[in-house]
Amino acid sequence: MNDPVNANEERPDEYDPQEVEGKWQKRWRDRGTNAVDIAGASDPYYALMMFPYPSAEGLHVGNLFAFVGNDIYGRFQRLQGHNVFEPFGYDAFGIHSENYALKLGKHPGKLIPENIANFRRQVERSGLMIDWRHTLATTDPEYYKWTQWVFLQLLKHGLAYRKQAAVNWCPSCKTVLANEQVIGGRCERCQTPVEQRLLEQWFFRISDYAPRLLNNLDHLDWSESTRTAQRNWIGRSEGAEILFPAEAADAGREEIRVFTTRPDTIFGATYLVLAPEHPLVQKLITPAQRDAVEEYLERTAKQDLIARKTSTEKTGIFTGSYAVNPATGLPIPVWIADYVLMEYGTGAIMAVPGHDDRDFEFAMLFGLPIVRVVCAEGDDPEADFSSAFTGSEGARLVNSGRFNDMTVEAGKRAIVEMLAEKDAAKPAVNYRLHDWCISRQRYWGPPIPIIYCDACGAVPVPEKDLPVILPYVEDFKPDDSGVSPLARHEEWYRVACPKCGAMGRRETDVSDTFLDSAWYFLRYPSVGIDDVPFDPVLTRKWLPVDTYIGGNEHAVLHLLYSRFVTMVLHDMGHLDFEEPYVRFRAHGLIIRNGAKMSKSRGNVVIPDEYIATWGADAFRGYLMFLGPFEEGGDFRDASISGVKRFLDRLWSSVVTAVADNSSSGSAEHSSEVMRKLHQTIKKVGEDIPRLSYNTAIAAMMEYMNVLRRGERKPRRGEVAPVVQLVAPFAPHIAEELWERLGHSESVFDAGWPSFDPALVEEEKIELAVQVNGKMRGRLNVRRDIGQDEALALAMAEGSISKFVNGSPRKVVFVPGRLLNIVA
RNA sequence: GCGGAAGUGGCGGAACUGGUAGACGCGCUGGACUUAGGAUCCAGUGGGGCAACCCGUCCGGGUUCGAGUCCCGGCUUUCGCACCA
C-alpha cells in the first residue's frame, strides 16, 4: 500500500487526506457548518437516511454506503441553495442489542452508549453532513416517552387491542415475533424454527388500513421494487364469500362461509375444508369420526409452524358431515386439513381439485372426486386429469349448467350474481396483511404503558405519567415462561390503578422495535422540545420527508409500519399529511466475494482501516464508483486506487493553478477544455438527482483527463468548478481546495456552478456513416450538416462508397448523429 | 410455485426516447523518469486476421434502413414471498 505520510515528507504540497480531513472536520464542528436553522430555514429540505441499530461491531460498509449515498444527495441539495436537514440517530432498542448484551454478559444499558459513541466517531470520520444537535436514540426516555404516547393514541382511537392469539414464538430468542420477522417459518435473527404459542398480545389494527396503504402506493414517488414488495405483502385478493349450508352432527343447521377468488369454479367444488382451528369444527364432527378427528386436531395443534407451513405433504380428516354446494345442490363432504389457514379469509375453503393445485393434491391423496369445470380452448372436457388446470386465459366454463361456455371472468360475475340473489354469496376482498402484534416478552424495549386492575381492566397510563421508565435490572435474561423478564420484578410492576387507586399490575411486555422506528422521522426536527412529541410548526415546515434513502430489506417492515403510524396520526389530526416520505429510493446491497456481508461468513468490511489508509473522501468516492447506487456492488479493494488517483490529480491541478498567478482572472481558455467543463457540469448536475453517482464520478474523471492532457497548465477557471462538483462526494478535499482558491466561506455555501448551454453543444461532430445498417466510416463534420452534403461527403470516401453498388435505394439521416445509406 | 431485478471485455461497470457497443475505473502489455519503484507520467488494450475486412452485448426466432435497447420463445443468476384459497 502506498504511504501518504512518507510521500508528504518528500513533497510538502502533496495531498495528505488524514491532515485535510482532520482539519475540516474540526472546522465544521467549530463553525457549525452542518447546523441547520430548524426554526428559521426558508427553504427546508429534509434528506433522511435510515437510522442504524448501533451494533457493537461498529458501522460497516453496508451502512456507510447508504449514508454516503444520502449525504451526497443532501449536500447536493444544499449546493442548490436549500437548507438541508440531514439528521442521524440510533435504533438502539431491540433484540439485536439485547442478545448481544446477553452474549457478553453485559447490560445493554451500559453497552449501547459505548456503541453509540463509536458510531458517532465513525460517522463523523466519514464526513457526513450531520446536524448533531438533532440526534436521537430510541432508548432515551425523552424519546420513548413519546413512543408510549403513540401507543396510547392508537389505544384511545380503538386501533390497539388485546387478544389471545396463536403467535410466532422463537424458542431460541424466547420471544414472540411479528409475521414479518418470520422468514420461511424460521426466526429472522437466529434461523431457529418458529413454534406456535397462545399468549395475550397487543395488536394494532393495521389491516383496517390495508386499502389505503395499498392505494396510496400508486401516487408515491418510490422505487418501484419497494412499492411492488408492499403490494405483494398487503396482498389484495378479489373474489367472493360464499355460504355453504351444512347439517351439524346434532342435526342443527350451520352455514360455512368460504372465501374464493374463483367463484366461476363452484360447480367443481366437490368438498369443503376447514382449518383445524375453525370454530365450527366441533359442531360438525360426527360420533363415528370423533376419535379420528380429535387425534388429528391434537397432532396439528402440537405441530410447530415450520412443519405446518413448509411441509409438502397434505394431511387431513373427514368430519363425517356434509354441506350443500349452493350451485349444484349436491351434498359434499366437509374435511379438516392444516393446509387451510385460520388467519386468512374465513378459515374455510371450497375445494376445487380440478382447478387448484393444493386441492388437487389433497383430492388425489384421499380419493375425492375431481370435476372439470373450466376448459382451455381445444381441450377435451371429459379427459382425465393429470394435474389441476389453473389457467384462465381463453378458457371456457364446462359442466356448469347454464354458465357453460362463459369465459372465466364472465362466469365469476354471473355465478356470484346468481348466488347473491339467494343470499348465498357476495363479492369480497381479502388482504394477506395481518394486524401488527407489538408485544414482546423481552426486556430491552419501551414498556407498554398499561396497568391492569382487577376492577377496571386494562387501564392506560395517563399521558402525564409518561414515560414509563424501563427499570434498570441486572436480571433481564428471558426465559421460556412466555412472560417478560420484567414480570420477575414485583417492585416495578406493582403499582396503583390510575382509575380506582387499587393495587394493579403494570403490563410487563415491551413494545416491538418497529414501533420505535415507525415515527422517529417526526421527532428529529423537534429534538429538545419536551412537551410535545413533534412541534406542529416545525413539523409543518420540515415534513413530510423530502427524500428517504434506505435499504430494501425494510421494504415491508419499517416502511409499512411508519406509513401506518403516519396515517393514524393524520386521521387523529396530529399531522396534515398522511404519507411520511414523499420520495423513497432503495439503495443496493454491498456484497463481498459474491455473498452478502455477514459476520458468520467473515466477509464484513469495517470502513475504519480503509479510511485510515485512503482517507474518507477516496473511500466515499470509491463506494459510489463501485456501481449504480440503487444496485450496489461487489466490494473489492483493488480499485480504490483509481478514485484516489483522481483526487490526487485534482489536488495537484488546483495547487498548480493557484500557484500560477499569471493566469488568474480572465485568461483565455482552451475552447476544448471549456466545452468539456460545461458538459461535465451539466452531466454531474443531472446524474446526482438520479442517484447515478458512478457516472457522475466518471464524468469528472473524464474532464480531469482532458484537462491534464492539455498543452498547458490548468487555470483557476478550469479547476474551480470541479471543486464544487466534487464537493458532495469528497467534501473535505473540496473545502481545502476551495479555501486555497481564495474563498473564506464553505464550499457548501458557494452554490452550484452553472453551465452555458451554447458551450455544451459541439460544433464539430463525428457523423456515423452506415451502409445497410453496418458501420462503414465516420465523417468529421459541422454539427448542423444537412443530408445532401453529408451524403456527398460520404460517397466521396472510397472506403464507404465501395460498399454502395449503384445509386442508393434509400437514405436515412439522423441530424448530428448518423447517415445510413441503404443500397 | 408466485413476484421483482438482472445477464455486455480478464474484472467492476457505461450506452437518455432504437442510431458510432465497451465511457470511466481496475487489471494487463510496452515505454519514459529513476539507485529502486508496488510512486508518477506516456502509449496500447473485445476476439480473429499481415491487411482489406470479418465476428462480437446469455441462447433461438421476429420487427426495423438500423436492435444491448422493442416483440415472441427458452436458459441462467439473484433478491423477496411462499399451502394466502
Side-chain angles (χ1 to χ4, degrees), chain A residues 1-3 6-7 10 183-185 224-229 231-233 235 237 239 258-262 265 273 308-312 314 337-341 343-352 356-359 361-362 390 430-434 552-553 555-556 588-589 591 594 596 622 625-628 630-631 633-643 645-646 648-649 652 686 690 692 694-702 704-705 708-709 765-778 799 802 808-814 816-823:
Chain A
M1 288 201 189
N2 79 343
D3 190 340
N6 283 347
E10 286 163 29
I183 310 296
E224 192 51 48
S225 59
T226 313
R227 293 197 292 173
T228 306
R231 281 193 192 104
N232 292 342
W233 190 263
S237 292
V258 309
F259 173 73
T260 178
T261 54
R262 294 293 304 274
T265 62
V273 189
R308 177 159 171 187
K309 287 213 166 175
T310 61
S311 161
T312 47
K314 298 265 181 297
D338 67 0
Y339 80 92
V340 174
L341 309 172
E343 310 95 78
Y344 184 75
T346 61
I349 62 156
M350 65 176 211
V352 185
D356 182 280
D357 291 325
R358 298 151 301 178
D359 297 344
E361 197 190 327
F362 192 81
T390 54
N430 258 295
Y431 296 92
R432 298 174 55 180
L433 183 66
H434 300 326
N552 237 349
E553 68 272 19
V556 290
L589 211 61
I591 56 174
K596 196 172 161 177
Y622 165 66
F625 192 56
L626 204 61
E630 290 175 271
E631 285 168 36
D634 201 346
F635 186 93
R636 52 191 68 221
D637 30 324
S639 43
I640 301 179
S641 53
V643 176
R645 256 196 283 273
F646 163 67
D648 284 338
R649 287 166 180 166
S652 54
E686 286 168 353
R690 292 169 37 215
S692 187
N694 54 335
T695 55
I697 294 170
M700 291 186 279
M701 286 174 164
E702 250 182 278
M704 287 307 294
N705 288 342
R708 72 201 176 84
R709 284 178 190 140
I765 53 145
E766 270 194 343
L767 187 76
V769 181
Q770 300 181 339
V771 178
N772 293 325
K774 272 182 184 285
M775 277 300 299
R776 292 303 178 186
R778 299 179 167 91
S799 60
K802 71 177 177 182
R809 276 197 296 130
K810 184 178 173 185
V811 174
V812 179
F813 181 67
V814 183
R817 297 211 77 129
L818 161 144
L819 177 75
N820 187 11
I821 304 164
V822 185

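Proteins come first, then strands; the chains are lettered A, B, ... in the order of their sequence lines, and each starts at number 1. What you are looking at is a predicted structure, and each value in this text was computed from that prediction instead of being measured.
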Of A:Arg690 and A:Ala699, the one whose closest nucleotide on RNA chain B sits nearer the 5' end is A:Arg690
Please figure out whether A:Glu224 or A:Met701 has its closest RNA chain B nucleotide nearer the 5' end. A:Glu224
Whole-Å distance between [N] [atom2] and [X] [atom1]?
X        : N      : atom1 : atom2 : answer
A:Asn772 : B:rG66 : CG    : C1'   : 10 Å
A:Phe362 : B:rC83 : CZ    : P     : 16 Å
A:Glu361 : B:rA82 : CD    : C1'   : 15 Å
A:Leu589 : B:rA6  : CG    : P     : 16 Å
A:Asn705 : B:rA23 : CG    : P     : 12 Å
A:Asn820 : B:rG66 : CG    : C1'   : 6 Å
A:Gln770 : B:rA21 : CD    : C1'   : 12 Å
A:Asn552 : B:rC79 : CG    : P     : 14 Å

Do the side-chain N and O atoms of A:Asn552 and A:Thr226 include a donor-acceptor pair separated by under 3.5 angstrom?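 Judged by distance alone, the side chains do pair up.
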Closest to the [X] side chain, choosing from [options]:
X        : options                : result
A:Arg778 : B:rG19, B:rA15, B:rU20 : B:rU20
A:Ser225 : B:rC42, B:rA23, B:rG4  : B:rG4
A:Phe259 : B:rC41, B:rA85, B:rC65 : B:rA85
A:Thr261 : B:rA85, B:rC65, B:rC42 : B:rA85
A:Glu766 : B:rG19, B:rA23, B:rU20 : B:rU20
A:Arg432 : B:rC41, B:rG19, B:rC81 : B:rC81
A:Phe625 : B:rG13, B:rG12, B:rC26 : B:rG12
A:Ile349 : B:rC83, B:rG25, B:rA85 : B:rA85
A:Glu702 : B:rC24, B:rG3, B:rA43  : B:rC24
A:Val814 : B:rA85, B:rG19, B:rA14 : B:rG19

Hey, does A:Leu818 reach any base, or is it just sugar-phosphate, or nothing, if we go heavy atoms under 4.0 Å?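 Touches a base.
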Where the side chain of A:Asp359 meets the backbone of A:Val352, is there a donor-acceptor pair that is under 3.5 Å apart? yes
For [N] versus [M], give the span between their [atom1] atoms, rounded off to a whole number of Å.
N      : M      : atom1 : result
B:rC24 : B:rC72 : P     : 36 Å
B:rC2  : B:rG74 : P     : 12 Å
B:rC58 : B:rC11 : P     : 13 Å
B:rG38 : B:rG27 : C1'   : 14 Å

Between A:Arg231 and A:Glu224, does at least one N-O distance fall below 4.0 Å, as a salt bridge requires?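 Yes, A:Arg231 and A:Glu224 are salt-bridged.
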Taking only the side-chain nitrogens and oxygens of [X], find out if one of them lies under 4.0 Å from OP1 or OP2 of [N].
X        : N      : answer
A:Asn694 : B:rA14 : yes
A:Ser237 : B:rA85 : yes
A:Arg231 : B:rG3  : no
A:Arg645 : B:rC26 : yes
A:Arg227 : B:rG4  : no

For B:rG44, give the paired nucleotide (Watson-Crick: N1-N3 plus N6-O4 or O6-N4; G-U: N1-O2 and O6-N3; both under 3.5 Å), or none. B:rC28
Under 3.5 Å on both distances, the Watson-Crick or G-U partner of B:rU20: none
Between protein and nucleotides 47-58 of chain B, map the contacts as a letter string: B base, S sugar-phosphate only, - none, heavy atoms under 4.0 Å, written 5' to 3'. -----SSSS---
So which heavy atom on A:Met775 is nearest to which on A:Gln770, and how close? SD-CG, 3.9 Å
Can you check whether A:Tyr622 and A:Phe635 have ring centres sitting under 6.0 Å from each other? yes
Syn or anti conformation of B:rG9, syn meaning chi within 90° of 0: syn
